[in-house]
There are 2 protein chains.
Amino acid sequence: MSTFDTAGLQLDNQLCFKLYAASRAVIRAYKPMLDGLGLTYSQYLVMLVLWEWQERAPEQPTLKALGQRLQLDSGTLTPLLKRLEQMGLVQRRRAQVDEREVHLALSEAGRALQGQVLPLKAQLLCQFDDQDLLEMEGLRRSLDRLLARLSE
Amino acid sequence: MSTFDTAGLQLDNQLCFKLYAASRAVIRAYKPMLDGLGLTYSQYLVMLVLWEWQERAPEQPTLKALGQRLQLDSGTLTPLLKRLEQMGLVQRRRAQVDEREVHLALSEAGRALQGQVLPLKAQLLCQFDDQDLLEMEGLRRSLDRLLARLSE
DNA sequence: AGCAATTAAATTGCATGCAATTCAATTAAC
DNA sequence: GTTAATTGAATTGCATGCAATTTAATTGCT
């Protein structure tokens, strides 16, 4: 034991590092699938929100609403959405009622892309057995609780 | 139920998003402490490795060894380490034996900084109760298993 | 020794994240 | 009604991550 306790500073004991490492590892695991779709990881998350929104809400989301869902600000989303628009997946338009708002709509191609995801994702999940999937489900719920705790 | 099952594409069901969101939330939680130290999050992780290495190994690590520990490549680490060197916390020197290798040493200031971290981290942990800490420990172990599974 | 293959860093280029500022539209206050 | 405060995006600047390429040093092979 040294003068002061350094166990609390060991990398392997740091939840922060594990989260950071695991997050990047999962992004790496998604890479082959996302390359197939021509999307980056963040772009994929944006598309997930737009696909989901389309099925659940009558109105298209604004950039602000999207940002609240993903916890990202306009500094990140504005250029990202411009790229998705360039790619022909998304349309951005100013609201008539309040010209500050940018509403986001899926293009036909953007909607069509959803159909390609499920089979690719099934393929991605193939490498895991039931045990793994159970563990991952527990992990997801645990992360939910942490997120709730941190956003208080 | 729509034509095909989209539950597997709901954002809230995506482990990948939870990990990504939780990782960034934890980084946000560290921000006040790291601002006090004058470090970014990645710089902090590098310092953790160097502090730990100093106590455990006779030799200073190379950039490559550091990268293996953090799962980061020279494209990320080279500029980051140059910044730490500019800040006077780290020294970079080419190995005599093999001039390709860059060895990393802590400066006096770099070593001294370690002393400031533990109290700040204790303060950071104050906001959590025993229940939370237990949950976080379980989460860490669960992330370990996921990381092991992904790096096979 | 001489040369190809390998290896460790550095460099380049691109897409985030995020803080801080700016800009324009809308609301609130008076 | 005019002005101040607020709000939603966009912009700017900086520090990552990471793929791809380049450079320099070392190893292997013959």
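As the structure is a computational prediction, the values presented were derived from the model and not from experiment.
- Within the 4.0 angstrom heavy-atom criterion, base atoms lie near B:Asp73.
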A:Arg149 vs B:Glu135, salt bridge (Lys or Arg N to Asp or Glu O under 4.0 Å): CA-CA, chis, key distance, verdict: CA-CA 11 Å; A:Arg149 193 71 183 74; B:Glu135 167 92 19; over 6 Å; no

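- The NZ atom of A:Lys64 sits 14 Å away from the P atom of D:dA10 (whole-angstrom rounding).
- For B:Ser74 against C:dA10, a side-chain-to-base donor-acceptor contact under 3.5 Å is present.
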Salt bridge (Lys or Arg N to Asp or Glu O under 4.0 Å) assessment of A:Arg92 paired with A:Glu85: CA-CA 7 Å; A:Arg92 296 156 66 245; A:Glu85 190 174 43; 3.2 Å; yes

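- In this structure, the CD atom of B:Glu99 is 14 Å from the C1' atom of D:dT23, given to the nearest Å.
- In this model, the phosphate group of C:dA15 is not approached by any side-chain N or O of A:Lys31 to a distance below 4.0 Å at OP1 or OP2.
- Spacing between atom OH of A:Tyr41 and atom P of C:dT16 amounts to 13 Å, rounded to whole angstrom units.
- Between B:Tyr44 and B:Trp51, the two ring planes are perpendicular [angle over 60°; tilted spans 30° to 60°].
- In terms of position on DNA chain D, the residue among B:Arg100 and A:Ala65 whose nearest nucleotide sits closer to the 5' end is A:Ala65.
- One atom, CD of A:Gln43, and another, P of D:dG17, lie 18 Å apart when rounded to the nearest Å.
- If you check every strand for non-hydrogen atoms under 4.0 Å, B:Val46 touches nothing.
- Atom OH in B:Tyr20 sits roughly 13 Å away from atom C1' in D:dT16 (whole-Å rounding).
- Using a 4.0 Å heavy-atom distance criterion, B:Ile27 is classed as making no nucleic acid contact.
- Across all strands, B:Thr76 comes closer than 4.0 Å to base atoms (heavy-atom distances).
- In this structure, A:Arg24 forms a cation-pi arrangement with A:Tyr20, its terminal cationic atom sitting closer than 6.0 Å to the ring centre and no more than 45° off the ring axis.
- In this structure, B:Asp35 atom CG and C:dA20 atom C1' are separated by 14 Å, rounded to whole Å.
- Spacing between atom CG of B:Leu34 and atom P of D:dT16 amounts to 11 Å, rounded to whole angstrom units.
- Without hydrogens or angle criteria, A:Arg111 side chain to A:Leu106 main chain gives a donor-acceptor distance under 3.5 Å.
- When rounded to the nearest whole Å, the span between CD of B:Glu101 and P of D:dT27 equals 9 Å.
- Among the protein residues, A:Gln68 comes within range of no part of the nucleic acid, since none of its heavy atoms lies under 4.0 Å from any strand.
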